Amino acid sequence: MRPVYLDYAATTPVAAPVLAAMMDCLGTDGVFGNPGSASHEYGDCARSTVERARAQVAAAVGAEADEIVWTSGATEANNLALFGVTHYYAKRGKHMVTSRTEHKAVLDPCAELVRRGWRVTYLVPGAGGIVEPHQVAAALTPETVLVSIMHVNNEIGVVQDVAGIAQVCARQGAWLHVDAAQSMGKVAVDFARSGVDLMSFSAHKVYGPKGVGALCVSRRAGVQLAAQIFGVGQERGVRAGTLATHQVVGMGAAFELAQTLWIGELPRIKDLQQRLSQGLMALGGVLRNGDSQNSVPHLLNLSFEGVEGESLLAAVAPQIAVSTGSACMSANPEPSYVLRALGRDEQRAESSLRFSLGRFTTEAEIDVTVSVVKQAVLHLRRIGGAGILGA
Amino acid sequence: MRPVYLDYAATTPVAAPVLAAMMDCLGTDGVFGNPGSASHEYGDCARSTVERARAQVAAAVGAEADEIVWTSGATEANNLALFGVTHYYAKRGKHMVTSRTEHKAVLDPCAELVRRGWRVTYLVPGAGGIVEPHQVAAALTPETVLVSIMHVNNEIGVVQDVAGIAQVCARQGAWLHVDAAQSMGKVAVDFARSGVDLMSFSAHKVYGPKGVGALCVSRRAGVQLAAQIFGVGQERGVRAGTLATHQVVGMGAAFELAQTLWIGELPRIKDLQQRLSQGLMALGGVLRNGDSQNSVPHLLNLSFEGVEGESLLAAVAPQIAVSTGSACMSANPEPSYVLRALGRDEQRAESSLRFSLGRFTTEAEIDVTVSVVKQAVLHLRRIGGAGILGA
Amino acid sequence: MNYNSLTRQYFELAPQVGVLEGSDTYRGAAGSRAHGTWVQFDLAVQQEEACAVVREARFLAYGCPYVIAAAAWIAKKAPGVQAGGALPASVLALQQRFEAPVEKLGRLLAVEDAWNDAMKMWRGSMRSRP
Amino acid sequence: MNYNSLTRQYFELAPQVGVLEGSDTYRGAAGSRAHGTWVQFDLAVQQEEACAVVREARFLAYGCPYVIAAAAWIAKKAPGVQAGGALPASVLALQQRFEAPVEKLGRLLAVEDAWNDAMKMWRGSMRSRP
Ligand SMILES: Cc1ncc(COP(=O)(O)O)c(C=O)c1O
Ligand SMILES: Cc1ncc(COP(=O)(O)O)c(C=O)c1O
């Protein structure tokens with residue numbers, strides 16, 4: 001038997017109806033044409049399939065179809081937003097604003113911008129992980145071209161007030177990019193109403209395929225982008241490369257499904273999270289990371305006093321698949337920079353586990369998890385000498 | 001019934017065994033973990049699956065596994081090679097060399113480099129489409145950082161002497177990038193022996209999925225790249241973004257399959273091409289584009305005297321799926337820039353069709369094609385007044 | 001490749017393709033093959049009571065499907081049209097009827113020019129008559 | 001998370017975890033929890049004919065699985081080892097035996113340091129004996 005999967009924030013399996021839609025685009029009988037081929041039915045069919053998927057994603061996120069630019073994932077969408085906007089508007093100024101708790105797919109492009117001569121202000125969220133709109137306002141200068149603040153944090157699940165931040169940015173004439181890779185299916189997403197100028201999405205966080213994402217670019221706001229990948233001019237010249245029909249179809253189907261299901265799934269996820277949280281809190285010496293009032297119930301990030309992070313992971317790994325902080329960071333067993341940014345000491349940051357729940361999580365799995373984690377923590381505390389005088 | 005598909009150079013359907021391998025990575029029972037997750041079995045399993053695929057691609061192209069960088073396709077691989085190398089070595093000089101008949105995914109990055117202050121020399125191939133190594137040699141200067149010459153041309157099927165060009169480049173200390181998107185399964189590919197420093201590949205041209213490709217970066221040569229997409233540091237920091245397990249697995253399976261099958265398929269493809277060529281040449285006023293001695297048999301590019309290109313396409317489209325020149329260009333019905341670069345006049349360039357044959361092409365399909373194209377050409381020549389005095 | 005059915009029909013059947021001979025026939029042409037569009041009309045004109053009308057028309061065309069379809073359609077509609085008059089439908093009307101993309105307008109102008117050229121021939125012949 | 005079976009076994013079972021009491025017991029520790037690695041050994045030393053040897057050992061540890069496994073393994077191997085001597089296996093040998101990545105070498109040093117610290121205690125007590 002495979003371990004209980006509680007790492008949905010790292011990635012999700014592809015949902016059955018999504019897989020079925022993807023299959024229709026592969027193989028000799030499928031919609032296998034190149035969407036860029038304008039001279040025959042195979043191409044026409046692929047192109048209209050791509051456009052249907054674009055409309056699905058647009059509808060699910062509250063955007064217009066022509067605001068969607070397909071990318072290879074949220075990492076590329078973030079890079080396109082950050083480099084595309086800063087390059088296009090470099091003459092306005094060379095300053096951008098972001099926060100210390102963004103995903104690496106924002107922070108690393110920012111570091112590159114610094115190497116290219118930009119000034120980047122890194123806001124420090126409060127202890128709960130929230131970046132207040134007034135913090136953004138205070139950081140804006142006439143030279144500020146772009147602000148990038150994520151929607152749902154991938155480590156602690158905290159939800160930022162992006163609409164509030166959008167108002168502040170609009171007032172000052174700075175563009176706002178929001179990394180919403182973790183949002184779909186967890187919180188309401190409404191691109192048009194949010195007032196955000198650019199928003200990144202990824203399919204594989206919400207039961208779609210890996211390797212496809214989208215950048216939403218507001219037409220209303222009229223934000224312009226410099227292309228970053230050049231070629232045959234797909235995506236109106238903003239992002240070249242043959243469109244992968246089955247991939248965008250998968251994203252379209254996954255987003256439509258999420259839009260239909262998420263509200264209905266929420267109470268169940270909340271119950272499961274509460275069950276997990278209560279079960280583990282009973283251990284004592286367990287601290288929750290992130291503002292619980294402003295978080296999605298799909299994520300629960302806990303620090304366990306008296307245990308070391310890697311050992312905790314190793315102890316639970318045969319039965320429970322979780323991670324410390326960002327999925328993609330776990331190859332690198334350093335204490336989470338996100339928790340460090342929230343003022344957690346190294347030990348608390350290091351001894352944290354991120355439990356992320358999803359569509360296929362069951363109550364039985366939660367119970368197994370509680371029991372396995374409890375055992376592991378008690379075992380490690382015993383080895384560490386907890387409660388033994390002199391230890 | 002769908003039209004006969006003779007646009008394999010634009011894209012191919014995914015082969016059944018490739019599809020089966022991809023399916024194993026999707027769905028709740030599949031290898032759905034994030035290859036970046038190091039803290040549990042789901043991630044470990046995905047990571048080793050990705051590495052197996054990397055080894056497959058490496059073996060198929062004659063490279064080492066650690067020379068393969070996954071990308072979202074050959075377009076991105078070309079962009080990464082061109083921007084990555086020029087950015088890294090900009091201090092050496094700001095000159096690069098390419099040819100007029102490259103794919104847009106090379107020419108458009110070159111145009112961007114020109115905007116960034118680089119000087120680009122565009123070599124003009126001979127009438128047959130061949131770029132001679134001595135032409136490259138003559139264009140090299142001490143400031144030349146990079147040469148980019150494609151392997152198999154996507155419009156006319158001409159095969160360049162990349163090993164010869166590699167020698168010239170090595171002598172002068174310029175890096176050589178080769179766009180080999182059309183090579184796999186059509187000609188022998190041996191990265192190590194070719195002496196090429198960087199090579200781009202795409203899966204969907206060879207019965208793999210769209211949206212995945214690779215850039216081969218020679219370790220022996222020690223060529224360095226500046227990253228173009230930044231994030232969690234996948235692909236040793238050269239290309240960030242969650243790896244799409246099913247996509248790279250598809251590419252691995254497709255490349256292994258191509259490597260196994262291509263030699264065996266060749267005689268059949270040659271026969272089919274000859275049958276097609278002879279059938280159509282019988283019309284008279286049909287000219288072949290590209291050096292037939294140095295071409296892959298999978299492509300046949302013909303110009304039809306006395307007919308206009310769009311009308312020819314429109315006349316055959318209900319029964320035959322072909323394109324004029326580059327697949328992706330056909331949305332834009334301008335005469336092929338490749339044929340123009342070979343000195344063809346506008347009319348000849350415009351009245352050309354690219355027939356591209358593949359694994360599933362049958363003799364019966366070729367016979368239908370000959371008959372349909374013949375009829376269409378005769379019909380259009382009649383409308384155009386061919387043979388009528390005063391027309 | 002989404003031509004409407006009218007375009008498909010006139011492009012594929014190309015009714016009235018060909019040339020006319022005879023002393024009452026006037027030939028006009030416009031465009032060039034080298035530039036991708038060339039149209040020729042042969043209009044047979046017949047004197048009726050008060051005025052001259054087109055009796056029959058034929059066309060030849062080299063160009064995209066819209067040009068061929070439009071030329072064929074014009075040749076079909078031409079009989080009964082008053083000689084010396086304008087194209088039976090404006091270029092804009094042709095573009096709309098055949099749902100041609102706007103960038104094809106320039107090519108469709110060759111249809112009008114060829115028609116006008118034939119009519120000029122007819123007018124020239126009128127003037128030179130005894 | 002690819003720990004070899006030896007690491008898994010000693011990490012999971014943690015034989016010899018605990019503390020020892022008694023006048024012949026010497027305690028040594030190294031590292032700090034704040035820095036992620038802390039190891040403590042309690043070594044019970046018994047005088048044999050010619051020399052003193054470790055009779056029994058217990059450990060406590062806070063750290064990664066390699067540190068825990070190595071400390072447990074050392075505590076298991078300790079009985080019979082001559083008092084005052086070096087760790088029964090070098091840090092490099094431990095790293096190889098448990099197939100720990102090289103970046104763990106620093107952490108494994110705490111195991112050696114804790115052992116040495118306990119032995120220093122024993123030597124100290126020897127000197128202060130009447
Ligand atoms: C908040 C956030 N942004 C960006 C990404 C990167 O997206 P992708 O995996 O599609 O490259 C992730 C997940 O990996 C994420 O959680
Ligand atoms: C020669 C050549 N290079 C690059 C590409 C682009 O590759 P991709 O479709 O994987 O982006 C193609 C095909 O589209 C090609 O034929």
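Source: prediction; values computed, not measured. Naming: A, B, ... by sequence-line order, numbering from 1 per chain. Side-chain atoms are counted along with the backbone in the values below, which use heavy atoms only and exclude waters and symmetry mates.
- Ion pair R107(D)/E310(A) not flagged as a salt bridge, since none of the NZ, NE, NH1 or NH2 atoms sits closer than 4.0 Å to an Asp/Glu carboxylate oxygen.
- The environment of Q82(D) atom CD is sparse: at most 12 non-hydrogen atoms of other residues, nucleotides or ligands sit within 6.0 angstrom.
- Minimum heavy-atom separation, S311(A) to I68(D): OG-CD1, 3.5 Å.
- Counting only heavy atoms from C-beta outward, the side chains of I383(A) and F11(D) never approach each other to under 4.5 Å.
- Between the side chain of Y62(D) and the main chain of V307(A), a donor-acceptor pair closer than 3.5 Å is present.
- Of all non-hydrogen atoms in G63(D) and E308(A), the two that sit nearest each other are O-OE1, 3.3 Å.
- When all heavy atoms of A314(A) and R8(D) are compared, the closest pair comes out as O-NH2, 2.9 Å.
- Shortest non-hydrogen contact noted between E12(D) and P318(A) is OE2-CG, 4.3 Å.
- A pairwise comparison of heavy atoms in G36(D) and E350(A) identifies CA-OE1, 4.1 Å as the closest pair.
- The closest donor-acceptor contact from the side chain of R382(A) to the backbone of G18(D) lies at 3.5 Å or more, if one exists at all.
- For the atom pair R33(D) CZ and E305(A) CD, the distance stands at 11.5 Å (nearest 0.5 Å).
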